[in-house]
Amino acid sequence: MKKIAIFASGGGSNAESIINYFKGHSSIDVSLIVSNKEKAFVLKRAKKHNIPSVYISNKDFKSGELVLEKLIEHDIEYIILAGFLLLIPRTLTQKFPNRILNIHPALLPNYGGKGMYGQHVHQAVFNNFEKESGMTIHLVNEKYDEGKILFQVKVDLKVTDTPDVIAAKVLKLEHKHYPEVINDYLKSQS
Ligand code: GAR
């Protein structure tokens, strides 16, 4: 069984879609939820699904040691970022080479980098009158949003689409594709 940990900073709707997808899966198990926000709704979702969870402060997260301890304790092999807003420390990128995946709510390399997350991304796409947006799933390295791209999908935008409408269109794509891409990627790894 390949054990995965999901890291999330907020609501965790992607985390929940991943949890639901892998329920009863023959070879992949969501074994831990990690959040850097004590009150993040994703921790409530973890409880609802009886999945162990841990809150790690931003300060502890930066050193990477405590989180690594927790990952080892739960035999985690892959880390799935789902709306996780901190930079992943080198301690983790080195211990988990090609084993950390992230989802980004735009078509990287556009609209990526530090400070480009969640609603900021959709507002920027809106401000630039983009005719399409989409989402990207990529491997994680020491830089924000720069790891190898594994999967992208586009969605058409209408001139009348507000940032909230753009966000909803992209989130729908994320829920549909992220669990499948995780499944395919993990299966492709020995
Ligand atoms: C998702 O849209 C995800 O792509 C984005 O945060 C949202 C989290 O939603 N991630 C980033 O912007 C990372 N740069 P959720 O908590 O409902 O899954």
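Atoms within each ligand, like the ligands themselves, are counted from 1 in listed order.
Counting only residues at least two apart or in different chains, salt bridge (charged side-chain N to carboxylate O under 4.0 Å, His left out) contacts with residues 104-131 are absent.
Considering backbone and side-chain N/O atoms, N14 comes within less than 3.5 Å of an N/O atom of ligand 1. At least one N or O atom of S13, backbone or side chain, sits closer than 3.5 Å to an N or O atom of ligand 1.
For the residue pair S31/D29, the side-chain donor-acceptor check at 3.5 Å is satisfied. Using modelled atom types, one finds no donor on one side chain facing an acceptor on the other under 3.5 Å when comparing H122 with S133.
Residue nearest to atom 16 (O) of ligand 1, selected from A167, G12, G10: G12 (by heavy-atom distance). With atom 3 (C) of ligand 1 as the reference point, the heavy atom nearest to it among H175, M135, E174 is part of E174.
Regarding atom 11 (C) of ligand 1, its nearest protein heavy-atom neighbour is P105 CD, 3.6 Å. Counting protein heavy atoms only, atom 12 (O) of ligand 1 is closest to G118 N, 2.8 Å. Looking at atom 7 (C) of ligand 1, its nearest protein heavy atom turns out to be G83 CA, 4.2 Å. Protein heavy atom at the shortest distance from atom 14 (N) of ligand 1 is H104 ND1, 3.3 Å.
Residue-ligand proximity, I103 to ligand 1, at heavy-atom distances under 4.0 Å covers atoms 4 (O), 10 (N), 13 (C).
Atoms CD1 and CD, on I137 and E180 in that order, are 9.0 Å from each other to the nearest 0.5 Å.
By the neighbour-count criterion of 12 heavy atoms within 6.0 Å, atom OH of Y117 is sparsely surrounded, having that number or fewer from other residues, nucleotides or ligands. Annotation: E142, atom CD; neighbour count of heavy atoms from other residues, nucleotides and ligands within 6.0 Å is above 12.
Taking 4.0 Å as the cut-off, V121 does not count as a neighbour of ligand 1 on heavy-atom distance. Proximity of M116 to ligand 1 is established by a heavy-atom distance of less than 4.0 Å.
In terms of heavy-atom proximity, A106 sits nearest to V121 at CB-CG1, 3.5 Å.
Looking at residues two or more places apart in sequence or on another chain, you find a side chain to side chain contact (heavy atoms under 4.5 Å, CB included) between E77 and K2, R99.
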